[in-house]
Number of protein chains: 2
Amino acid sequence: MMKTMTQGAAQAALPLNQILAGDCIEVMRSLPEASVDLIFADPPYNLQLRGDLHRPDNSRVDAVDDAWDQFASFEAYDRFTRDWLSAAQRLLKPNGAIWVIGSYHNIFRVGSAMQNAGFWILNDVVWRKSNPMPNFRGKRLTNAHETLIWASKSEAGKYTFNYEAMKALNEGVQMRSDWVIPLCTGHERLKDAAGDKAHPTQKPEALLHRVLVATTNPGDVVLDPFFGTGTTGAVAKMLGRDFIGIEREESYRAVAQERIDRVRKFDKSALETTGSKRAEPRVPFGQVVERGMLRPGEELFSPRGGIAKVRADGTLVGNDVKGSIHQVGAHLEGAPSCNGWTYWHFKRDGKLIPIDLLRQQIRAEMDADLGRPN
Amino acid sequence: MMKTMTQGAAQAALPLNQILAGDCIEVMRSLPEASVDLIFADPPYNLQLRGDLHRPDNSRVDAVDDAWDQFASFEAYDRFTRDWLSAAQRLLKPNGAIWVIGSYHNIFRVGSAMQNAGFWILNDVVWRKSNPMPNFRGKRLTNAHETLIWASKSEAGKYTFNYEAMKALNEGVQMRSDWVIPLCTGHERLKDAAGDKAHPTQKPEALLHRVLVATTNPGDVVLDPFFGTGTTGAVAKMLGRDFIGIEREESYRAVAQERIDRVRKFDKSALETTGSKRAEPRVPFGQVVERGMLRPGEELFSPRGGIAKVRADGTLVGNDVKGSIHQVGAHLEGAPSCNGWTYWHFKRDGKLIPIDLLRQQIRAEMDADLGRPN
DNA sequence: TAGAAGTGTGAATCGGAAC
DNA sequence: GGTTCCGATTCACACTTCT
């Protein structure tokens, strides 16, 4: 009782669509547990650069040399990683998930720490840069990608994955684990007053667009503990998600706030994405019989010549087996399972028609009754 | 003086171009230190699979369920990894290097252990599979790549990198860190007497070809502690490198030996056969949206006055129909099919511009930066 | 015989609502 | 929380068989 009240109060206190100032570990610890749907984290990469790098024309490469990217040792970086991951895990709802992006300098340590903390890795995703910086010295391969890890809070977590939306984004075939997306350049790249880039590692909005469409729903709460210039917040706002940003540096917060204020949300119809069949209401086969769409005693046919007879209670009997449309189909095929709706056909005017058509009719009527779209 | 003599004697005893039987850690400890130029390792991935998986057609996926891939815990796997890495590091010459391949199940643990052991990571390389197995349940992204880590024995190591050879392999531009290579199938895939695959995880020769051309010279000694069916040995022989294989399983050793005996060393001209132009890359319309070239909610126009609205997942909605640019166009025209790229136009400065222009822009970027056999 | 059509398969951490 | 049972879900190739 007490706990419920506390949680309720805490939930109400969730600072939505704000950029919080301070160290992300401390700030995350001050927020209510199990309150966030998704975390996107772009932690320091611990680049360990030595000296300056110059291009063949002797111009100097503007590298990441900020204080926030300096760690004394692998141990120090691991401790930092464990701490922020633990605070992040506490914030996630049981069915929440996390994305972390990194390069070979840090991603192996981050991935290990995630597994040790009980996060369950769902995919590692490769961001293939279409326009990476070349290797000027010719001593290694062009470092043309970064790695993202997508993980649920625990192995048991029922994470969100908008499979059909991803498939639609990829013109009808499954989205793969390698994404080709250009670097953040041009107008999208934020500049400071002097015309220099406002942040050394600003991520492209296209990357966040895909992450958020894939693994959140409109209205979800997305937290970014290393907010930087606020790409996560900007894209979340466009897509109708709530965000919480945490950023230590005053200058980044200012740039991010100004950026997000400029962002307009897409209209609602644009945000609807292709949904999954799983979300449609379940129709028991018995309803087809009850409504007289099929008569008890009528015969159903499988693609491969199997025959079964409809019974008044919505079960089938055929070939010495009785049971649901799924069970009899599975038995005839000797298969572990079978979708009876697509397996069985009835005959009308000499033609075979899948019984799934009858289910679609029932669903259409249900929708009309409820006054829902589709 | 004494040390030099011992080393010399040990060098002479190096068992070149042989497959050694036994546990790789013990065997490596028995070999002379600082005697090997390159190590290629394909250790067990510790997949932790649960039940069976079936395809939508109910056929069963033949998964990796071998005893050698089973570990009791992350701790046990980490201990195993530390031990074989330490034995491998001892074997490497000071300027030697190592490649390790893995998937998200194990690669983060392997990468961390390598850094902890003092290996210096040079690149992580993504093997992007052109024909991966799909995700049959639609619950995650298609797992379409594996990761390789390339590292020198230490930060000070003067590793071998054949920059020009890689550049030539890539049609004159720097080789990137993402490599597109098909799975090992067809005649290359070794079968046992029963016609089943001889090894569940045989790697394609093209992958080893690129690794060895990039980071060894003819006459170098290449060791593979998880030899399996001997892809490393076969490609090393073709390319005029010496190999040492270590394999615990008698059946794999037999297959590998037979395979390598059949291999003939390439003549020089045969080495220059890589590189074919590929078809124009397919560009999903969703990329146009993700990249912000069109906004969700923005209207598209057909030549004959049809209107549709862009959605966040790259589908269109218009006139009571939802679907891809092609589907909605076909529906408006009452046609069986429609090329949405040329059919739909967006408005800029009062003028109608075909969306195909946006696809051409994306292709131009891809050609400039990616359009290589890579 | 060439082309069409059908079959097989690959390192996979591959449910979830209802009772 | 355990059990039952509905019912959703695949891409690129190589190879074989049929027309």
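Computed from a predicted model, the values in this text were never measured in an experiment. Because only heavy atoms are used, hydrogens play no part in the values below, and waters and symmetry mates are left out as well, while side chains stay in. Throughout, a chain's letter reflects where its sequence line sits, starting with A, and its residues are numbered from 1.
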Short side-chain N/O contact from A:Y343 to OP1 or OP2 of D:dC6, under 4.0 Å: no
Sugar-phosphate only, base, or nothing, as touched by A:G340 at under 4.0 Å among non-hydrogen atoms: nothing
Electrostatic pair B:E75:B:R109 at N-O distance under 4.0 angstrom: no
Touch class at under 4.0 angstrom, heavy-atom based, for A:E164 against every strand present: sugar-phosphate
Residue whose closest nucleotide on DNA chain D lies nearer the 5' end, A:H326 versus B:M133: A:H326
Spacing of the C1' atoms in C:dA12 and D:dC6 (rounded, Å): 24 Å
Nearest-Å distance once atom C1' is located in both C:dA11 and C:dT7: 23 Å
Closest-nucleotide ordering on DNA chain C, the 5'-leading residue of B:W127 and B:K139: B:W127
Candidate nucleotides C:dG15, D:dT10, C:dA12, ranked by approach to the side chain of B:A63 - the nearest: C:dA12
Shortest side-chain distance from B:P134, nucleotide among C:dT9, C:dA11, D:dT10: D:dT10
A:R304 bridged to A:E333 by N-O distance under 4.0 Å: yes
Atom-pair distance (CG on A:L316; C1' on D:dC6), nearest Å: 14 Å
Phosphate contact (C:dA11 OP1 or OP2) by B:H145 side-chain N/O below 4.0 Å: no
Interatomic distance where CZ belongs to B:R189 and P belongs to C:dT9 [whole Å]: 12 Å
Touch class at under 4.0 angstrom, heavy-atom based, for B:P43 against every strand present: base
Whole-angstrom distance between D:dT16 and C:dT1, as gauged at atom C1': 16 Å
Sugar-phosphate only, base, or nothing, as touched by B:R60 at under 4.0 Å among non-hydrogen atoms: nothing
Euclidean distance, atom NE2 of residue B:H54 to atom P of C:dT9 [Å, nearest integer]: 14 Å
Sugar-phosphate, base or nothing in reach of A:E155, heavy atoms under 4.0 Å: nothing
Closest to side chain of A:Q174, choosing from D:dT10, C:dA11, C:dG10: D:dT10
B:N131 vs D:dC11: side-chain N/O to OP1/OP2 distance below 4.0 Å: no
Intermediate values then yes/no, side chain to side chain contact (heavy atoms under 4.5 Å, CB included), A:F285 and A:L358: CA-CA 9 Å; A:F285 178 68; A:L358 305 174; 5.9 Å; no
Distance test, side-chain N/O of A:R282 to OP1/OP2 of D:dG7, below 4.0 Å: yes
P-based separation of C:dA18 from D:dA8 [nearest Å]: 14 Å
Over all atoms of both residues, closest heavy-atom pair of B:P43 and B:V100: CD-CG1, 3.7 Å
Under-4.0 Å side-chain N/O to phosphate OP1/OP2 contact, A:K158 with C:dA17: no
Sugar-phosphate only, base, or nothing, as touched by A:S324 at under 4.0 Å among non-hydrogen atoms: sugar-phosphate
Touch class at under 4.0 angstrom, heavy-atom based, for B:D42 against every strand present: base
Pairwise C1' distance for D:dT10 and C:dG8, with rounding to whole Å: 13 Å
Touch class at under 4.0 angstrom, heavy-atom based, for B:P132 against every strand present: base
Proximity to the side chain of B:L47 - top-ranked nucleotide from C:dA11, D:dT9, C:dA12: C:dA11
Touch class at under 4.0 angstrom, heavy-atom based, for B:S130 against every strand present: sugar-phosphate
Interatomic distance, B:F136 CZ vs D:dC11 P [rounded to whole Å]: 9 Å
Nearest to side-chain heavy atoms of B:R137, which nucleotide of C:dA12, C:dT9, D:dT9: D:dT9
Enclosure of B:K197 NZ (heavy-atom neighbours >12, cutoff 6.0 Å): yes
Under-4.0 Å salt bridge between B:D42 and B:K203: yes
Centroid separation B:W179 to B:W127 less than 6.0 Å: no
Value in whole Å for how far the C1' atom of C:dA17 lies from CG of A:N95: 14 Å
Closest-nucleotide ordering on DNA chain D, the 5'-leading residue of B:N58 and A:R176: B:N58
Polar pair under 3.5 Å, donor/acceptor by atom type, side chain B:R55, base C:dG8: no
Ring centroid separation B:W68 to B:F226 under 6.0 Å: no
Electrostatic pair A:E164:A:K167 at N-O distance under 4.0 angstrom: no
Touch class at under 4.0 angstrom, heavy-atom based, for B:K203 against every strand present: base
Separation of atom CG in A:N170 from atom P in D:dT10, rounded to whole Å: 13 Å
Sidechain N-carboxylate O distance under 4.0 Å for A:R176, A:D178: yes
Atom-to-atom span, CD1 of A:I355 to C1' of D:dC6 - whole angstrom: 13 Å
Strand DNA chain D as a dot-bracket string - pairs counted if Watson-Crick or G-U with both distances under 3.5 Å, | where the partner lies in another strand: .|||||....|||||||||
Sugar-phosphate only, base, or nothing, as touched by A:I121 at under 4.0 Å among non-hydrogen atoms: base
Touch class at under 4.0 angstrom, heavy-atom based, for B:N46 against every strand present: nothing
Sugar-phosphate only, base, or nothing, as touched by B:C184 at under 4.0 Å among non-hydrogen atoms: nothing
Closest nucleotide among C:dA12, D:dC15, D:dA8 to the A:N339 side chain: D:dA8
Sidechain N-carboxylate O distance under 4.0 Å for A:E280, A:R363: yes
Touch class at under 4.0 angstrom, heavy-atom based, for B:N135 against every strand present: base
Any A:I325 side-chain heavy atom under 4.5 Å of A:I355 side chain: yes
Spacing between A:R278 atom CZ and C:dA18 atom P, to the nearest angstrom: 15 Å
Candidates D:dA8, D:dC15, C:dC14 - which lies nearest the side chain of A:S337: D:dA8
Rounded P spacing from C:dA17 to D:dT9 in Å: 14 Å
Minimum-distance nucleotide to A:R359 side chain [options: D:dG7, C:dA11, C:dA12]: D:dG7
